[in-house]
J.: 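Here's a structure for you.
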Amino acid sequence: MSENVKLRPEIAALGAYQQGRTPSPHGFKLSSNENPFDPLLGVLEAARSVTAINRYPEQAAVALRSRLADKFDVEFAETLVGAGSASLLQQFFLAACSAGDEIVYAWRSFEAYPIMVTIAGAVSVRVPLTDSAEHDLDALAAAVTERTRVVVVCSPNNPTGPAVSQAAFEAFLAQVPADVLVLLDEAYREFATDPDAVDGASLIGRYPNLVLLRTFSKAYGLAGLRVGYAIGPARLLAAAHATAVPFGYTDLGLAAALASLDREAELFERVATLVARRGRLRAGLLAQGWTVPDAQANFVWLPLGERTPEAADVFFDGDAAVRSFGHEGVRISVGEEESVDRVLDLAQSVRSTWF
């Protein structure tokens with residue numbers, strides 16, 4: 001019987017990552033921070049040009065890594081491509097940690113962090129966010145011990161939205177021991193409009209323990225093709241590369257990512273549209289009396305406390321699927337233009353009923 005098969009107890013007890021709910025075909029899916037725009041025609045054509053799907057993908061991702069090296073003005077060996085930035089996070093955890101080592105991160109942050117830490121055999125050290133739903137970088141630095149191998153900073157933070165400032169992040173790096181890996185998770189960096197927000201690209205080469213992680217899933221709209229990348233010291237990236245599952249990404253994804261880099265001007269016009277839509281959504285929620293943290297990604301955070309599950313159901317029943325987080329709040333992705341008024345109407349209904 002399968003009950004006799006020995007498993008790691010922490011894995012057997014571990015819940016899998018849950019995907020955001022999907023509404024009816026006529027509703028708005030605002031639960032997964034996806035880009036609501038259809039892929040650009042040139043990007044689709046590039047992906048469709050890849051026909052040798054009977055062959056394994058080109059594992060070294062030479063063309064894409066070369067473009068990224070040019071974009072960030074680094075050496076080829078200082079780039080790494082993976083199946084999304086989440087996959088790369090897992091690879092770095094595996095590369096840096098042995099059983100019982102500690103990984104420090106803010107909480108609440110990306111829901112997959114504790115899952116990945118457990119898979120790596122490490123121990124999560126969660127540092128609470130501030131009252132304004134921001135990283136407490138001094139507390140993060142203070143949480144580092146002799147057992148700490150990795151510290152993760154998510155900016156803008158998923159799911160609450162605020163970004164870490166450049167000055168605060170550099171002060172934080174000065175406090176972290178040089179033998180502790182710092183991962184700057186910038187999956188939503190392209191949406192940040194705060195001029196003080198940290199930009200990992202400006203720190204490349206200055207800190208030998210810093211790696212920045214970005215993705216083509218969000219701003220570039222390639223969530224379904226799973227392509228992310230890391231920029232950092234070659235030795236650290238080589239170690240993470242050694243932990244990767246072979247052929248984790250596809251030639252379709254690599255081709256689409258390259259085509260997206262060729263069309264950044266048009267893609268960033270879409271990002272500007274989403275940022276303006278985000279501003280209208282947040283302003284509408286604030287006008288209703290909600291407390292909404294500074295939104296620097298493609299979503300807003302609505303703290304709902306104990307009413308979170310019921311409120312999430314109200315949104316879902318109103319054909320606007322949002323992401324629910326326990327009894328803390330909901331994250332609402334910036335979707336189609338028509339979704340803004342729908343969300344505001346439903347949020348007003350929730351507020352009138354329970355708040």
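Count residues from 1 along the sequence.
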J.: Consider only side-chain N and O atoms of Ser165 and Asp196, and report whether a donor and an acceptor are under 3.5 Å apart.
T.: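 No, Asp196 and Ser165 have no side-chain donor paired with an acceptor closer than 3.5 Å.
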J.: Evaluate the criterion side chain to side chain donor-acceptor pair (under 3.5 Å) for residue pair Ser109 and Asn157; output intermediate values, then yes/no.
T.: CA-CA 6 Å; Ser109 195; Asn157 186 50; 2.6 Å; yes
J.: Using 4.0 Å as the upper bound for N to carboxylate O, is an ion pair formed by Asp317 and Arg21?
T.: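 No, no charged N to carboxylate O under 4.0 Å.
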J.: Check the pair Val43 / Leu222 against side-chain contact (heavy atoms from CB on, under 4.5 Å), numbers first and verdict last.
T.: CA-CA 9 Å; Val43 175; Leu222 302 183; 3.8 Å; yes
J.: My understanding is that only one of Arg108, Arg323, Glu111 makes a side-chain contact (heavy atoms from CB on, under 4.5 Å) with Pro159; could you say which?
T.: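 Considering Arg108, Arg323, Glu111, a side-chain contact (heavy atoms from CB on, under 4.5 Å) with Pro159 is found only for Arg108.
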J.: Test side-chain contact (heavy atoms from CB on, under 4.5 Å) on Phe110 and Val152; report intermediate values, then the result.
T.: CA-CA 10 Å; Phe110 182 31; Val152 184; over 6 Å; no
J.: Looking at Tyr229, is its backbone amide N or carbonyl O close enough to the side chain of Arg65 to form a donor-acceptor pair, meaning the two atoms are under 3.5 Å apart?
T.: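 No; judged by distance alone, with no hydrogens or angles, the pair does not exist.
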J.: Answer yes if the side chains of Glu45 and Ser49 hold a donor-acceptor pair under 3.5 Å, and no otherwise.
T.: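 Short answer, no.
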J.: side-chain contact (heavy atoms from CB on, under 4.5 Å) with Ile332: which of Leu30, Asn33, Leu346?
T.: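 Among the candidates, only Leu30 passes.
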J.: Answer yes or no: is there an ion pair linking Asp341 with Arg280, defined by an N-O contact shorter than 4.0 Å?
T.: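 Looking at Arg280 together with Asp341, the answer is yes, because their closest N to O distance falls below 4.0 Å.
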J.: Hey, mind stepping through Ser217 and Arg226 against side chain to side chain donor-acceptor pair (under 3.5 Å) and telling me if it holds?
T.: CA-CA 7 Å; Ser217 295; Arg226 312 309 303 129; 2.9 Å; yes
J.: Can you tell me if Arg147 uses its side chain to pair, donor with acceptor, with the backbone of Val144 under 3.5 Å?
T.: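 No; judged by distance alone, with no hydrogens or angles, the pair does not exist.
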J.: Do we see a donor-acceptor contact under 3.5 Å between the side chains of Asp185 and Tyr105?
T.: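 No, Tyr105 and Asp185 have no side-chain donor paired with an acceptor closer than 3.5 Å.
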J.: With clusters defined by side-chain heavy atoms of hydrophobic residues (ILVMFWY) lying less than 4.5 Å apart, directly or transitively, does Val81 cluster with Phe247?
T.: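 In one cluster with Phe247: Val81, no.
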